[in-house]
Amino acid sequence: MGSKFEKLNRLRESLRESNHDFRASTQLFSSLDVTKIDRDMDLAGRGKQRGEANQPPKAAKILDDVEHAIVERVEDEKKAAHHTLEDNLQLLSGRLASLDFEEQFGLIRQANAASVSDFKASVAVGLDELHGLRRALNEAEKEQAWFKEKHGLVRAARVQHGAAHVFRVMLLFFLFLVETITNGSFLAKGSEQGMFGGLIEAASFSFVNIGAALLLAIFCARLVTHKAFFLKLVGSVSIAAYVALALLLNLALAHYREISGTLVDGAGAEVVRSMWMNPVGLTDVESWLLFAIGLIFSTVAFIDGWFVLDPYPGFAGVQNRLVARRDDYIDRKTELIKDLQAVRDEHNEEVEEIVKQLGSRRREHRAIVEHRSRLLTLFAQHQDQLERACNQLLSKYREANIQARTDPAPKHFGTPYKLDRINPHASSEGEWSEGDLGTSIRAAQEELNAQVRLIGQECERGIEQYRDLDKLHPDSVNG
């Protein structure tokens, strides 16, 4: 489900990529440094020099070379500032165009339509999977019902799970260990290797003693509970065989203890002869104790093996298959419900981020428009400053010129310079107005919020569809 909501993810990435993190900067038009220009052009010196020569003449009506140089210097600054302004206006226009709200609103509408379809598809896939698991569970239920009816069983199967099963395994291991150690201490005196040899021999006897009891109880003796007469007979014979084997094996161990203590070689053959001639002819009380301990451990192992599985043969296997199918169904249903909730939460987080990004883009749009307006105002103010600077420079030159003259100054010396203003215009054709943009963004955010509610409803509906499978067969998951 992690690959769902492709259009929503694409929209989110688109909003992220188009966010320029616009930061306004108004440090574009530096004031003209009148003092530096005055010093570089030596206006006072040149004014005095030309004034002493009565230049320009009294009748002059146009600016002289120095005045022209001052004006050209100011005009060059005006052109440079205008070029900077045009570059910035073009950059801002590009940023406004890249916001492309119209496309984003279209993507939002497409994502809203696709998201519901994607979510419904996820629910449908989960339903198909659960139907398959449900059919397998139904088959296991039918098998259990058939088995109970065929064998006349009305009770539940006794199946060991978890801690109880571990306890039975540990009990068998404990019996083997204790019997090995106990028998080893009794057999040590007859072993050439002492205690170690006695433990090896005891382990072999214990493995056969407990293993035989366990195998006969699990696979043979329980047949005595079967409905079929022949299997009952096999079970009865198995119980008798177990009793005989347990008595024979533990008597042989007791005889072996007595004989191995007196013979070095041929103890095994002597045990067989002694068992044939006089099975109960044990003369040492410790031998009888060894026989009793072995028989008790064998009996406990037999009883434990009897209850490892259900006493009725085959019933535990049927129950285990039913439990496995039920666990598969319940576990997968739980996972699918969690997946639906996770996808819903992921969708809501993505929508929340998109809503935030839309608000951020609106603020960016407002900042760009305001900055563009501020740039135009700053450029107009910069032209005013250039005009003042030009008149200041002209005044420095003219005052020095007038003071050094003997003839009257030209009339135009008393006329302030008028800068030919540039009136730039930033076209807003095709751009969103603040009011229209705010309305459209609010509408888009409302659509996204409605989408969140709709996905939430679809999630609840999907979970309910999963749970409806339980209503069809309520005993399946509660039994």
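Start at 1 with the first residue, then count along the sequence.
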**Request:** Measure the shortest side-chain to side-chain distance between H371 and I368 over non-hydrogen atoms and say whether it is less than 4.5 angstrom.
**Result:** no
**Request:** Would you check if V123 and E458 make a side-chain contact, meaning some heavy-atom pair closer than 4.5 Å?
**Result:** no
**Message:** Side chains of L92 and L375, heavy atoms from C-beta outward: is any pair under 4.5 Å?
**Reply:** yes
**Request:** State whether the number of non-hydrogen atoms from other residues, nucleotides or ligands found under 6.0 Å of Q90 atom CD is greater than 12.
**Result:** no
**Prompt:** What pairs with Y312 under ring pair (Phe, Tyr, Trp, His ring centres under 6.0 Å), at least two apart in sequence or on another chain?
**Reply:** H151, H226
**Fill in**
For L386 and V74, the nearest pair of non-hydrogen atoms, with its separation, is O-CG1, 3.7 Å
**Message:** For E387, give me all partners under side-chain hydrogen bond (donor to acceptor under 3.5 Å, both in side chains), at least two apart in sequence or on another chain.
**Reply:** R421
**Request:** Could you tell me whether R332 and E335 have a side-chain N and a carboxylate O separated by less than 4.0 Å?
**Result:** yes
**Message:** Minimum heavy-atom separation for E86 and P424, please, with both atom names.
**Reply:** OE2-CB, 4.2 Å
**Request:** Check side-chain contact (heavy atoms from CB on, under 4.5 Å) between A404 and all other residues, then give those that pass, not counting sequence neighbours.
**Result:** K48, E52
**side-chain hydrogen bond (donor to acceptor under 3.5 Å, both in side chains) involving E67 - partner list, sequence neighbours excluded** = R398, H412
**Message:** Treating N401 as the side-chain partner and Q55 as the backbone partner, does any N or O pair qualify as donor plus acceptor under 3.5 Å?
**Reply:** yes
**Prompt:** Does any N or O in the side chain of S373 come within less than 3.5 Å of the main-chain N or O of V369, such that one atom is a donor and the other an acceptor?
**Reply:** no
**Fill in**
With sequence neighbours left out, the residues meeting ring pair (Phe, Tyr, Trp, His ring centres under 6.0 Å) with H365 are F101
**Prompt:** Can you list the residues that meet the salt bridge (Lys or Arg N to Asp or Glu O under 4.0 Å) rule with K61, with sequence neighbours excluded?
**Reply:** none
**Asked** Excluding sequence neighbours, so at least two apart, what forms side-chain hydrogen bond (donor to acceptor under 3.5 Å, both in side chains) with R155?
**Response** D310
**Prompt:** Mind checking whether C390 and L394 have side chains closer than 4.5 Å, heavy atoms only?
**Reply:** yes
**Message:** Going by side-chain contact (heavy atoms from CB on, under 4.5 Å), name the residues that satisfy it together with K148, two or more places apart in sequence or in a different chain.
**Reply:** Q144, L153, F315
**Message:** If you count heavy atoms of other groups shown closer than 6.0 angstrom to CD of Q49, is the number above 12?
**Reply:** no
**Request:** Check whether any side-chain N or O of N54 sits under 3.5 Å from a backbone N or O of T406 as a donor-acceptor pair, and report yes or no.
**Result:** yes
**Request:** Would you mind checking if E464 and R461 are paired as a salt bridge, meaning a charged N to carboxylate O distance below 4.0 Å?
**Result:** no
**Request:** Look at the side chain of K227 and the backbone N and O of K150, then say whether any donor-acceptor pair between them is shorter than 3.5 Å.
**Result:** yes
**Message:** Please find the pair of heavy atoms, one from D420 and one from E75, that lie closest to each other, and give the distance.
**Reply:** N-OE2, 4.3 Å
**Item:** V318 vs W146 side-chain heavy atoms within contact, under 4.5 Å
**Value:** no
**Message:** What I'd like to find out is whether the side chain of V34 reaches to under 4.5 Å of the side chain of K396, using heavy atoms alone.
**Reply:** yes
**Fill in**
Taking every heavy atom of A409 against every heavy atom of I402, the minimum-distance pair comes out as CB-CG1, 3.8 Å
**Fill in**
Residues passing the side-chain hydrogen bond (donor to acceptor under 3.5 Å, both in side chains) test with R50, sequence neighbours excluded, are D64, Y397
**Request:** Output all residues satisfying side-chain contact (heavy atoms from CB on, under 4.5 Å) with A140, sequence neighbours left out; order by chain, then residue number.
**Result:** L322, R325
**Complete:** With sequence neighbours left out, the residues meeting side-chain contact (heavy atoms from CB on, under 4.5 Å) with D87 are H83
**Message:** Looking at A316, is its backbone amide N or carbonyl O close enough to the side chain of N320 to form a donor-acceptor pair, meaning the two atoms are under 3.5 Å apart?
**Reply:** yes
**Minimum-distance pair of heavy atoms, taken over all atoms of Q319 and A157** = CB-CB, 3.5 Å
**Message:** Check this for me: does any side-chain nitrogen of one of R321 and E139 sit under 4.0 Å from a carboxylate oxygen of the other?
**Reply:** no
**Asked** Taking C-beta and beyond as the side chain, do L130 and Q465 meet within less than 4.5 Å on heavy atoms?
**Response** no
**Request:** Flag the pair K36 and D40 as a salt bridge only when some basic side-chain nitrogen lies within less than 4.0 angstrom of an acidic carboxylate oxygen.
**Result:** yes
**Request:** Quick one: list whatever passes salt bridge (Lys or Arg N to Asp or Glu O under 4.0 Å) with E77, sequence neighbours left out.
**Result:** none
**Message:** Ignoring hydrogens and geometry beyond distance, is a side-chain donor-acceptor pair present between N138 and R134 at under 3.5 Å?
**Reply:** yes
